[in-house]
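Quick note on labels: first sequence line is chain A, next is B, and so on, each numbered from 1.
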Amino acid sequence: MRLGYRSRVTRAAGADQDDRIVDVPGPARPHPSGSAWEPRVDLHLEDGLAEAEVDHWVRSACVLCSNGCGCDIAVKDGRMVGVRGRADDRVNRGRLGPKGLYGSTPWSHSPDRLTRPLVREGGDLVETDWDTAMGRIVAESRRLLDEKGPLSHGFYTSGQLFLEEYYAQAVVGKAGIGTPHMDGNTRLCTATAAASLKESFGADGQPGSYDDVEHAEAIFLYGHNVAETQTVLWRRMLDRIEGTDPPAVVCVDPRETDVARACGRTGGVHLPVRVGTNVALVNGLVRELLTRGWTDDAWVAAHTLGREDLEATVADYDPERVGHICGVEPDDVRRAAEIFGTTDRVLSTVLQGFYQSHQATAASVGVNNLHLLRGMLGRPGCGILQMNGQPTAQNNRETGADGDLTGFRNWQNPQHVQRLAELWNVDPMTIPHWSDPTHAMQIFSYAEAGTIGLLWVSATNPAVSMPESARIKRILGGEQCFVVVQDLFFTETAALADVVLPAAGWGEKTGTFTNADRTVHLSEQAVDPPGEARSDLDIWMAYADAMGFEDKDGAPLVKWRTPEEWFDAWREASAGRPCDYSALSYDTLRSSEGIQWPVTEEQPDGTARLYADAHFPSDTDYCETYGHDLLTGGTVTEEQHRAKAPAGRAFLKAEHWTPPHEQVSDEFPLRLTTGRTVYQFHTRTKTGRARPLDAAAPGPWVELCAADAGALGLADGDEAEVTTPRGSIRAPLRVREQEPGTAFVPFHYAGEGQANVLTMTVWDPVSKQPTFKTAACRVAKAGPGGGA
Amino acid sequence: MPHLATYVGLVDHSEQVLADSFRTVADGHAHVADVHHLCLTLAGMCDRHREQLAPVVERYGEEDLDEPERLRADALLQAREGEIGLLRDLQDLHLLASLVKSTWVVIAQGAQGLRDRDLLEVAQSSQQETDRQLTWLNTRMKAAAPQALIVAP
């Protein structure tokens, strides 16, 4: 196994069906449209432990992808030793994917956990106690506040913490320090989901539900390789695909993925577009709906704005031109549009192939346009899921620990800011609201220049995950900025910090989180954190206490102590907003099978689908944003928004396709795209410590199609060198079916094969999501395969 | 119509100056990724306005009569440095774009008086795009200003 990769081609029946490494989606429960998805319980216990030997089970949900599968944590002798899917949970009906099943618990008792704080002494990080570590942070924080004010502080958080922790961080950062420089790695994974929903509907919030899979007659997956990113959701789709009346699957992906292979057998179509051309494709699909009359004109007239401009923008995107730009057959564009236009129930899902690519927001908004033109929202099977990349990304967006304002509020709306000021009992001027909050890439630029003098990184590993890694490492390791890192492990990022704080992880603390279809779960503490590790919530509170943050009456700013108290504070903060949790409590969650917000007195059991009444959160006084120019990111003013009188109507917006920022050349003749493997999550902090997952995908690789590999004199298994203007990496070659002229590299791995050494520093003008999937590269043979 | 020709010349020149200045800022702040890429995109927008204007220039000419007062901004020849330098450069671009916009407004009025549909179309569509440039410049300046004014060295 030179590549150390167990091919899934050898998928087999029998015993292997219990092995989610070999049979990733697991046994089928095929069923026809409209019938219930049957439960199937996945269980894994470490060290051959039997189910009966488990001391007790603790309610939770999985955090190793964005699906949020309900599960119970097995505890034996005070250790987390495995997980079991919850058969009653609406998200997974008992199933778990390979990452969740094998990766959820081994990291927790890994011998290399951080158990004590570290501080830098004479160039080295040395163990210390909490008082010393927090003392260093507070001294630096106070010095900077005195000398430069709140703008000297930046916070870069995660998509892995709990809602309560993000909310605490939002209060500390926005009302304690008062800095606009707060963002999360959610900027890398999910910012475009939020941006596209805000631009089309006026506020964030997934319109659809996972239940739409059971009702859909067609499923469109736009840059969403669900077979690798959310295997339980893929199993759910497969159970329809393998049933008697499968939905037509339409897949937009340059690679020949498992999803792409499902297109043919369901009467769908695979559109292997060139990377960087998504906007041309969606404009072409929209044009087909318009010219073929596949629109619900009365609904569009009553519930949308902007049809004329949309028609003008897409007019030139006929199938021939789209085929030429995207490198696909014009008839395939026609066929895909026909499926969309003539099917009653279409579910669309969108992910990183759109979000991390060129013109991310414009492309994702195009998907919303297709549904709006057909009035296809809010009914079973008619969903849009602008997917999330991480399990708790949604909560980061809701609470405003990232570049959003708490409770999907609008920073341009003084009444919204006033309400937050009342909740926190601070002067509204304290809360930064003079501009869009600072996005992650800009935060790192300010840290590079030293105008951010304290950067606090929690539960994320930017030294590996951010584009142009060499630059990020220089910034984190430089003298110009004091860096605090709190994490489970001594990551590549922690190694560059000035202070490292040991954090408790999933199962070692209590909190809630919300998945990509608005399902809220409670995850209860199962075991104690190791050594002196503390929950992120406790760390934010300890910092707030040590800094002595006060409200305007001189009382402590932070008035809530336990996770449940923070949740209750959040319920109040969310009341009346689209993400309304006001009628949801820990007690409700302890007996729920997963409940979808909004949860209000009127809707105590939650809300399956948004916009069933075709009323959108676009009113000028209510909306989360007045919108942006999709080409430039320039903000629409309140006056301009009010003049349009949206009054609950959705926006049809479109932009012209522009060529990617970095185009192929003689020197760099191939397009580069990056992505994921089903066996690893992010930079492998957890999954790399689970033996079955590590064995299944231990190292990076490079993919080329056979023709491109042959032309370069490369064979499967050869050591390949990939070079862009930023740098070079080396990894073994895999020959795979994909769009010719494209090289693929997974982004999980640090070291010689670190994909983000290659990627560009560039981002979408609206969502500010970095472009990981569009660059130009060359590939050369670095060495032979075989005995290497 | 010598004065219309003067304005046609003025807008052609001003769009050229703005395009050159966008490119100067793009090159000078190449490490500021969004500014770099968007300034190049917006420079291309100016180029297209001039291309669309070209047939009109042929019809009306580009006369350059003496005016009582003459304001012709010159292009930014060199970008400034640092966060405060970027802010000043964006502000200069805003001034140049404002001149372009008001010139298109005047030309559109002339085109209406003349019932010249082609010229009106060019003037109105170019003015709309100049508005997009101004909106972005305004947004970007507002984002950059606090850090540049308060914290930058």
Relative to chain B, which segment of [X] carries a heavy atom at a distance below 4.5 Å: side chain, backbone, both, or neither?
X	value
A:T451	both
A:D629	side chain
A:H181	side chain
A:E147	neither
A:W763	side chain
A:M441	neither

Can you check side-chain contact (heavy atoms from CB on, under 4.5 Å) on A:V664 and A:R671, steps first, answer last? CA-CA 6 Å; A:V664 294; A:R671 287 176 290 275; 3.9 Å; yes
Side chains of [X] and [Y]: is there a donor and an acceptor less than 3.5 Å apart?
X	Y	answer
B:W104	B:E15	yes
B:D12	B:Q16	no
A:T625	A:H641	no

[X] versus chain A, the contacting section by heavy-atom distance below 4.5 Å:
X	answer
B:L40	neither
B:M141	neither
B:Q133	neither

Counting heavy-atom pairs closer than 4.5 Å to chain B, which one of A:T761, A:T658, A:L631 comes out on top? A:L631
Quick one: which of A:P765, A:G634, A:G149 has the most heavy-atom pairs under 4.5 Å with chain B, could you say? A:G634
So CG of B:L134 and CG of B:L96: to nearest 0.5 Å the spacing works out to 10.5 Å
Can you tell me how far apart CD1 (B:I107) and OG (B:S126) are? Round to the nearest 0.5 Å. 9.0 Å
Count the heavy atoms belonging to other residues, nucleotides or ligands that lie under 6.0 Å from CZ of B:R88, then report whether that count exceeds 12. no
Hey, is CD on B:Q112 packed in by over 12 heavy atoms from elsewhere, all under 6.0 Å? yes
